[in-house]
Protein chains: 2
Amino acid sequence: MKEQKIPKETIKRLPLYYRCLNRLVVLGKDTLSSTELSEYLGIKPTQIRKDLSYFGDFGTRGVGYDLRKLFKEIESILNLERSWNIAIAGVSNIGCAIMDLLDFNHSGFNIVAAFDSDNRVVGSNIYGITIQDLDNLKECTADEPIDIGIIAVDPVDAREVANCLVDKGVKGIVNFAPTLLNLPKEIEVVQMDLTSELGWLVFYIGHR
Amino acid sequence: MKEQKIPKETIKRLPLYYRCLNRLVVLGKDTLSSTELSEYLGIKPTQIRKDLSYFGDFGTRGVGYDLRKLFKEIESILNLERSWNIAIAGVSNIGCAIMDLLDFNHSGFNIVAAFDSDNRVVGSNIYGITIQDLDNLKECTADEPIDIGIIAVDPVDAREVANCLVDKGVKGIVNFAPTLLNLPKEIEVVQMDLTSELGWLVFYIGHR
DNA sequence: TTTACATTGTGATAACAAACACATAAATTA
DNA sequence: TAATTTATGTGTTTGTTATCACAATGTAAA
Ligand SMILES: NC(=O)c1ccc[n+]([C@@H]2O[C@H](COP(=O)([O-])OP(=O)(O)OC[C@H]3O[C@@H](n4cnc5c(N)ncnc54)[C@H](O)[C@@H]3O)[C@@H](O)[C@H]2O)c1
Ligand SMILES: NC(=O)c1ccc[n+]([C@@H]2O[C@H](COP(=O)([O-])OP(=O)(O)OC[C@H]3O[C@@H](n4cnc5c(N)ncnc54)[C@H](O)[C@@H]3O)[C@@H](O)[C@H]2O)c1
């Protein structure tokens with residue numbers, strides 16, 4: 001291992017390794033080779049080893065990796081040892097699906113607040129979280145800091161909501177609305193955009 | 001313009017250009033420079049010009065691009081002139097959100113079938129589509145071919161459903177379940193995976 | 001018509017990422 | 001204990017993508 005700039009693509013693969021390892025731990029496996037992992041993930045073993053080597057020498061030559069140890073290492077690299085507070089804006093289909101997903105997985109991502117502008121849902125309780133009015137987002141002084149905001153509101157409202165979330169101090173945003181957000185560059189933004197994905201998908205499907 | 005391999009990253013940006021252009025057309029704009037588009041999208045103007053130049057000379061030097069013409073060109077490149085038939089598997093939160101989104105946008109993506117295994121929803125009608133039992137997916141001889149399948153079922157069922165969809169002849173799959181699909185390589189797969197995205201997001205948020 | 005200016009298209013270069021070849025080291029076998 | 005096998009870690013090479021510099025070409029003003 002050598003100090004070196006770590007490719008973004010490497011970081012993006014780590015969560016895949018992490019989840020796969022997690023499942024194998026649950027299945028009671030002990031040791032794992034890069035070749036075996038590569039068969040599960042469809043990622044070449046040399047790629048996996050190179051990715052891991054940016055962070056340390058986790059394996060044993062001739063043997064492979066200690067599954068639990070490697071899992072813990074990746075957990076630590078990704079900052080998944082601590083838990084992260086999440087606020088959800090827009091508690092309709094997508095918003096509920098996410099509350100469902102994160103609550104069920106108790107994955108270290110805690111939903112600490114949920115907001116909606118629809119009076120019919122404000123005040124109701126989902127998974128132990130009381131849905132607040134969006135104005136509360138603007139004004140509330142949260143007990144716990146919110147680390148990440150997830151936007152699942154109507155596309156026309158996404159930008160305003162994003163700005164509110166940034167004002168509240170979130171460091172990252174996941175945006176399900178097909179709306180480009182113009183945020184300070186220190187805020188990490190993940191755009192989950194079905195229509196765009198379909199767009200490039202049909203390019204490739206059509207060219208065969 | 002010259003015959004040349006087109007970067008995948010270029011293809012992935014085209015839908016962003018496409019949507020932005022669409023909005024500007026609606027706003028009644030006529031002409032657009034790469035610099036202006038770059039301000040909307042946060043993509044460098046040279047990048048935009050290079051991307052477009054793989055497909056032809058669409059602009060006029062000193063002037064810019066004819067908005068409508070460029071829009072039509074990109075539509076044609078991405079194969080969005082024709083419409084695409086989509087089947088949805090799993091009509092719960094995510095499935096409904098997608099039916100909602102695609103139905104509302106009438107975007108050239110037509111939902112022609114929807115499947116679920118839950119007897120309580122099978123037979124009910126959403127947006128004019130009757131939810132069918134998953135067994136129907138295995139047996140039905142569809143009137144219209146299904147081009148793309150969207151998977152929004154429970155993670156443990158995703159693989160089986162994916163195989164059914166492939167048997168039915170889909171050329172591409174969008175998978176919302178956090179499950180890796182092992183499909184023939186000629187099937188294009190888009191993995192929409194919130195947990196993985198959160199994984200790499202917190203890496204970067206944590207390292208500041 | 002000439003000059004100044006705006007904007008595109010592209011070859012060349014730089015930055016980034018993946019793949020490869022092989023040195024290294026542990027385990028197993030003879 | 002030597003030879004063989006297995007599997008990691010990494011410097012080098014190859015491939016891909018972004019950026020840059022600038023020639024080409026159009027518009028508008030002098
Ligand atoms: N990325 C994807 O895969 C994908 C798929 C489907 C839909 N979407 C998008 O996700 C978003 C949510 O879709 P949906 O079907 O779950 O929701 P929806 O469109 O049914 O409703 C949006 C919800 O947000 C609330 N809302 C609207 N404005 C708000 C505001 N300013 N503050 C707080 N809450 C507000 C509404 O009251 C409603 O509950 C939409 O933008 C949609 O286009 C994305
Ligand atoms: N990518 C993301 O952003 C994201 C976010 C939230 C949830 N998810 C995932 O999306 C999927 C759907 O989540 P949800 O909350 O909409 O649904 P859900 O988990 O509430 O229910 C799944 C639906 O699929 C149906 N189903 C289950 N097995 C099926 C089968 N074999 N054939 C047909 N239908 C079947 C069920 O009857 C139910 O209607 C889950 O896998 C979830 O983990 C993804």
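These values consider heavy atoms only, across backbone and side chains, with no hydrogens, waters or symmetry-generated copies. Everything numeric in this text was worked out from a predicted model, so none of it was measured.
Nucleotide dT7(C) holds its P atom 14 Å from the CD1 atom of Ile48(B), rounded to whole Å. When rounded to the nearest whole Å, the span between CG of Asp51(B) and P of dT10(C) equals 13 Å. Per the geometry, CG belonging to Leu52(B) stands 10 Å off P belonging to dT8(C), to the nearest Å. Rounded to an integer number of Å, the gap from CZ of Phe58(A) to C1' of dA26(C) is 19 Å. Put simply, CD on Glu36(B) is 10 Å from P on dT8(C), counting in whole angstrom units. One can place CG of Leu32(B) at 8 Å from P of dT8(C), the figure rounded to the nearest angstrom. The interatomic distance linking Arg49(A) (CZ) with dT10(D) (C1') rounds to 10 Å, in whole Å. One can place OH of Tyr54(B) at 10 Å from C1' of dT10(C), the figure rounded to the nearest angstrom.
Legend: residues meeting ring pair (Phe, Tyr, Trp, His ring centres under 6.0 Å) with Phe58(A), ordered by chain and number and at least two apart, are absent.
Checking the phosphate oxygens (OP1, OP2) of dG9(D), a side-chain nitrogen or oxygen of Tyr65(A) falls inside 4.0 Å. Within the 4.0 Å cut-off from OP1 or OP2 of dC20(D), not a single side-chain nitrogen or oxygen of Thr46(B) is found. Taking only side-chain nitrogens and oxygens, Gln47(A) comes nearer than 4.0 Å to OP1 or OP2 of dA19(C).
Near DNA chain D, meaning a heavy atom under 4.0 Å from it, residues 11-26 of chain A has no residue at all. Within residues 66-75 of chain A, no residue has any heavy atom closer than 4.0 Å to DNA chain C. For residues 180-193 of chain A, proximity to DNA chain D is found at no residue, defined as any non-hydrogen atom under 4.0 angstrom from a strand atom.
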Evaluate the side chain to side chain contact (heavy atoms under 4.5 Å, CB included) criterion for residues Phe55(B) and Ile6(B): first the C-alpha distance (whole Å), next the side-chain angles of each, then the deciding distance (0.1 Å), finally the verdict.
CA-CA 9 Å; Phe55(B) 302 99; Ile6(B) 294 149; 3.5 Å; yes
Asn79(B)/Trp84(B) under side chain to side chain contact (heavy atoms under 4.5 Å, CB included): CA gap, chis, key distance, verdict:
CA-CA 9 Å; Asn79(B) 292 310; Trp84(B) 295 87; 3.8 Å; yes
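Residues Asp118(A) and Asp116(A) share a closest heavy-atom pair of N-OD1, 2.9 Å. Listed here is the closest heavy atom pair of Val166(B) and Ile173(B): CG2-CD1, 4.1 Å.
A donor-acceptor contact shorter than 3.5 Å is absent between the side chain of Asp51(A) and the backbone of Thr10(A). A donor-acceptor pair is defined here as one N or O able to donate and one able to accept, closer than 3.5 Å; no such pair exists between the side chain of Asn110(A) and the backbone of Val112(A). A distance-only check finds no donor-acceptor pair linking the side chain of Lys12(B) to the backbone of Leu14(B) [under 3.5 Å].
Sorted by first then second residue, the salt bridge (charged side-chain N to carboxylate O under 4.0 Å, His left out) pairs that include residues 58-68 of chain A, not counting sequence neighbours, are Asp30(A)-Arg68(A). Among pairs with a residue in residues 92-111 of chain B, none fulfils salt bridge (charged side-chain N to carboxylate O under 4.0 Å, His left out), at least two apart in sequence or across chains. Residues in residues 145-154 of chain B take part in these salt bridge (charged side-chain N to carboxylate O under 4.0 Å, His left out) pairs, two or more places apart or across chains: Arg82(B)-Asp147(B).
Contact check on Glu75(A) versus Lys72(A) returns a salt bridge, with a Lys/Arg side-chain nitrogen under 4.0 Å from an Asp/Glu carboxylate oxygen.
With rounding to the nearest 0.5 angstrom, the CG atom of Leu70(A) is 5.0 Å from the CG atom of Leu21(A). For the atom pair Phe71(B) CZ and Ser76(B) OG, the distance stands at 12.0 Å (nearest 0.5 Å).
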Donor-acceptor pairs under 3.5 angstrom involving side-chain atoms of residues 194-203 of chain B: please list them, not counting sequence neighbours.
{"unit_1": "Ser196(B)", "atom_1": "OG", "unit_2": "Asp193(B)", "atom_2": "OD2", "d": "2.9"}
{"unit_1": "Glu197(B)", "atom_1": "OE1", "unit_2": "Trp200(B)", "atom_2": "NE1", "d": "3.0"}

Which pairs would a plain distance check flag for residues 181-192 of chain B, meaning a side-chain donor or acceptor within less than 3.5 Å of a matching protein atom at least two apart in sequence or in another chain?
{"unit_1": "Glu188(B)", "atom_1": "OE2", "unit_2": "Arg208(A)", "atom_2": "NH2", "d": "3.0"}
{"unit_1": "Gln191(B)", "atom_1": "NE2", "unit_2": "Ala177(B)", "atom_2": "O", "d": "3.1"}
{"unit_1": "Gln191(B)", "atom_1": "NE2", "unit_2": "Thr179(B)", "atom_2": "O", "d": "3.0"}

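Within 6.0 Å of the NZ atom in Lys69(A), the count of heavy atoms belonging to other residues, nucleotides or ligands exceeds 12. Taking a 6.0 Å sphere around NZ of Lys44(A), one finds it holds 12 or fewer heavy atoms contributed by other residues, nucleotides or ligands.
Residue-level contact check: Thr35(A) touches neither bases nor backbone, having no heavy atom under 4.0 Å from any strand. Among the protein residues, Thr10(B) comes within range of no part of the nucleic acid, since none of its heavy atoms lies under 4.0 Å from any strand.
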Return the polar atom pairs (N/O with N/O) between nucleotides 14-16 of chain D and the protein under 3.5 Å, or none.
none

With the criterion being N/O to N/O and under 3.5 Å, what pairs connect the protein with nucleotides 1-5 of chain D, and how long is each?
none

Taking only nitrogen or oxygen atoms into account, show me every contact under 3.5 Å that the protein makes with nucleotides 26-30 of chain D, one pair per line with its distance.
{"unit_1": "dG26(D)", "atom_1": "O4'", "unit_2": "Arg61(B)", "atom_2": "O", "d": "3.3"}

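Looking at heavy atoms from C-beta onward, Leu180(A) lies out of side-chain contact with Tyr40(B) at the 4.5 angstrom threshold.
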